[in-house]
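What follows is a set of notes on a single structure, which appears directly below.
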Amino acid sequence: PILYSYFRSSCSWRVRIALALKGIAYDMIPVNLLKDGGQQFSAEFKAVNPMQQVPVLKIDGITLSQSLAIIHYLEDTRPSPRLLPQDPKKRAEVRMIADHIASGIQPLQNVGILKLLGEKKMEWAQNRIASGFQALEQILQRTAGRYCVGDEVSMADLCLVPQVANAERYKVDMGPYPTITRINKALLELEAFKVSHPSRQPDTPADLRA
């Protein structure tokens, strides 16, 4: 498998966690979202993904983009360890939380959006993340065990950790979100989350390395 990734991309990080959890070795091609005006806009990469976004995973003779679609495919083809619970209600909760983050929070503060906002980008990112986290904290108070849904790591957790890292990067006050903070801390102790961390990638700049 080949993963097109950017060290700081939260969507790429989700996929790196899934690959690590499932023990799938892969080669990585870095795509720097800031360098050269954004390497994702090159003709070469557009041929790989017309949406000009990371991550992209080439695996089993197909090319997949969109992090949740990639994770669903890995779940379908390499089901152990599972990232979706067997219980239909818990499974629905996992998908709900994953979508809440992947559709309702992250796209509103990604690189492309913030670039358009200029000086207002920090305030915008803080407000959008805080608004999403207020809802997410309430949801997790109902669904959480050790992790987002019960005591098994799921697709929801793969979305949570990168989003908390974004929140910290944009200096969001995490005080009002004790459940999110507790779960994030527990997940960051797991090896798959450590090895996939932005501070430990081949394309991580030297000054940001762990």
Side-chain angles (χ1 to χ4, degrees), residues 3-6 8-19 21 31 33 38 40 48-57 63-76 82-85 88-117 120-144 147-150 152-170 172 174 176-177 179-181 183-184 187 193 196 198:
L3 178 68
Y4 293 79
S5 174
Y6 177 55
R8 202 176 240 169
S9 156
S10 56
C11 302
S12 298
W13 188 1
R14 295 170 196 157
V15 173
R16 295 197 302 261
I17 300 167
L19 291 165
L21 283 167
V31 180
L33 303 186
Q40 70 273 31
V48 176
N49 181 11
M51 279 295 283
Q52 300 171 294
Q53 296 171 335
V54 291
V56 173
L57 184 66
T63 301
L64 293 171
S65 59
Q66 297 299 329
S67 61
L68 296 191
I70 294 169
I71 295 166
H72 274 295
Y73 178 76
L74 296 177
E75 183 72 356
D76 288 341
R82 66 176 178 233
L83 296 176
L84 283 168
K89 291 178 182 175
K90 286 188 174 181
R91 186 178 283 243
E93 288 174 338
V94 165
R95 287 178 167 144
M96 171 182 71
I97 294 163
D99 279 343
H100 181 89
I101 296 167
S103 301
I105 304 177
Q106 189 276 329
L108 297 172
Q109 46 85 161
N110 69 13
V111 171
I113 294 290
L114 295 182
K115 201 173 177 182
L116 299 173
L117 291 163
K120 293 183 177 178
K121 70 179 184 180
M122 182 68 87
E123 182 186 357
W124 170 272
Q126 288 172 343
N127 288 341
R128 299 281 66 77
I129 295 169
S131 174
F133 274 11
Q134 285 164 18
L136 185 60
E137 176 70 20
Q138 290 181 46
I139 291 166
L140 292 175
Q141 285 172 6
R142 294 198 316 261
T143 64
Y147 306 122
C148 282
V149 178
E152 287 185 2
V153 174
S154 71
M155 189 184 296
D157 300 297
L158 276 56
C159 295
L160 182 82
V161 168
Q163 188 55 59
V164 173
N166 281 351
E168 290 169 346
R169 197 161 123 232
Y170 294 118
V172 173
M174 292 300 293
Y177 318 116
T179 313
I180 293 174
T181 301
I183 295 167
N184 183 67
L187 289 163
F193 287 78
S196 58

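Position 1 is the first residue of the sequence; numbering continues from there. Scope of the values below: all heavy atoms of this structure, side chains included, with no hydrogens, waters or symmetry mates.
- Taking all atoms of both residues into account, the shortest heavy-atom contact from Ala18 to Ile71 is CB-CG1, 4.0 Å.
- Met155 has its side chain within reach of Leu68: a pair of non-hydrogen atoms, C-beta onward, lies under 4.5 Å apart.
- Put simply, CD on Gln141 and CD1 on Ile180 are 9.0 Å apart, with the number rounded to the nearest 0.5 Å.
- Put simply, the side chain of Val94 reaches to within 4.5 Å of the side chain of Pro85, judged on heavy atoms.
- For Ala144 against Thr179, the heavy-atom pair with the smallest separation is CB-CG2, 4.3 Å.
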Under the side-chain contact (heavy atoms from CB on, under 4.5 Å) criterion, do Arg169 and Arg8 qualify, and how do the steps go? CA-CA 11 Å; Arg169 197 161 123 232; Arg8 202 176 240 169; 3.3 Å; yes

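- In this structure, Met174 and Phe133 have side chains that are in contact, with non-hydrogen atoms separated by less than 4.5 Å.
- With a 4.5 Å cut-off on side-chain heavy atoms, Leu21 and Leu158 count as touching.
- By the 4.5 Å heavy-atom criterion applied to side chains, Ser5 and Arg16 are counted as neighbours.
- With Trp124 contributing its side chain and Leu108 its backbone, the two residues share a donor-acceptor pair below 3.5 Å.
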Would you check, one step at a time, whether the test salt bridge (Lys or Arg N to Asp or Glu O under 4.0 Å) holds for Arg142 with Glu93? CA-CA 10 Å; Arg142 294 198 316 261; Glu93 288 174 338; 5.9 Å; no

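- For the pair Ile105 and His100, the minimum side-chain heavy-atom distance is below 4.5 Å.
- Across all their heavy atoms, Pro107 and Gly104 have their closest contact at CD-N, 4.4 Å.
- Side-chain contact between Arg95 and Leu84: present, with at least one pair of heavy atoms (C-beta onward) separated by less than 4.5 Å.
- With values rounded to the nearest 0.5 angstrom, Lys121 atom NZ is found 13.0 Å from Ile113 atom CD1.
- Atom-to-atom distance recorded for Leu3:CG and Ile70:CD1 is 7.0 Å, nearest 0.5 angstrom.
- Here the side chains of Gln163 and Ile129 are in contact, with some heavy-atom distance below 4.5 Å.
- The local environment of CD in Glu137 is crowded, with over 12 non-hydrogen atoms from other residues, nucleotides or ligands closer than 6.0 Å.
- A donor-acceptor distance shorter than 3.5 angstrom exists from the side chain of Thr181 to the backbone of Tyr177, with no hydrogens or angles considered.
- Between the side chain of Thr143 and the main chain of Cys148, a donor-acceptor pair closer than 3.5 Å is present.
- Minimum interatomic distance between Arg14 and Ser67 (heavy atoms only, all atoms of both residues): NH1-OG, 2.8 Å.
- Judged purely by atom type and a 3.5 angstrom limit, Gln53 has no side-chain atom pairing as donor or acceptor with the backbone of Gln66.
- Ile97 CD1 to Tyr147 OH: the interatomic distance, rounded to the nearest 0.5 Å, is 15.0 Å.
- Between Ser65 and Val56, the closest heavy-atom pair is CB-CG2, 4.2 Å.
- Ser131 contributes atom OG, which lies 11.0 Å from atom CG of Leu136 (distance to the nearest 0.5 angstrom).
- Residue Leu19 holds its CG atom at 6.0 Å from CG of Leu57, rounded to the nearest 0.5 Å.
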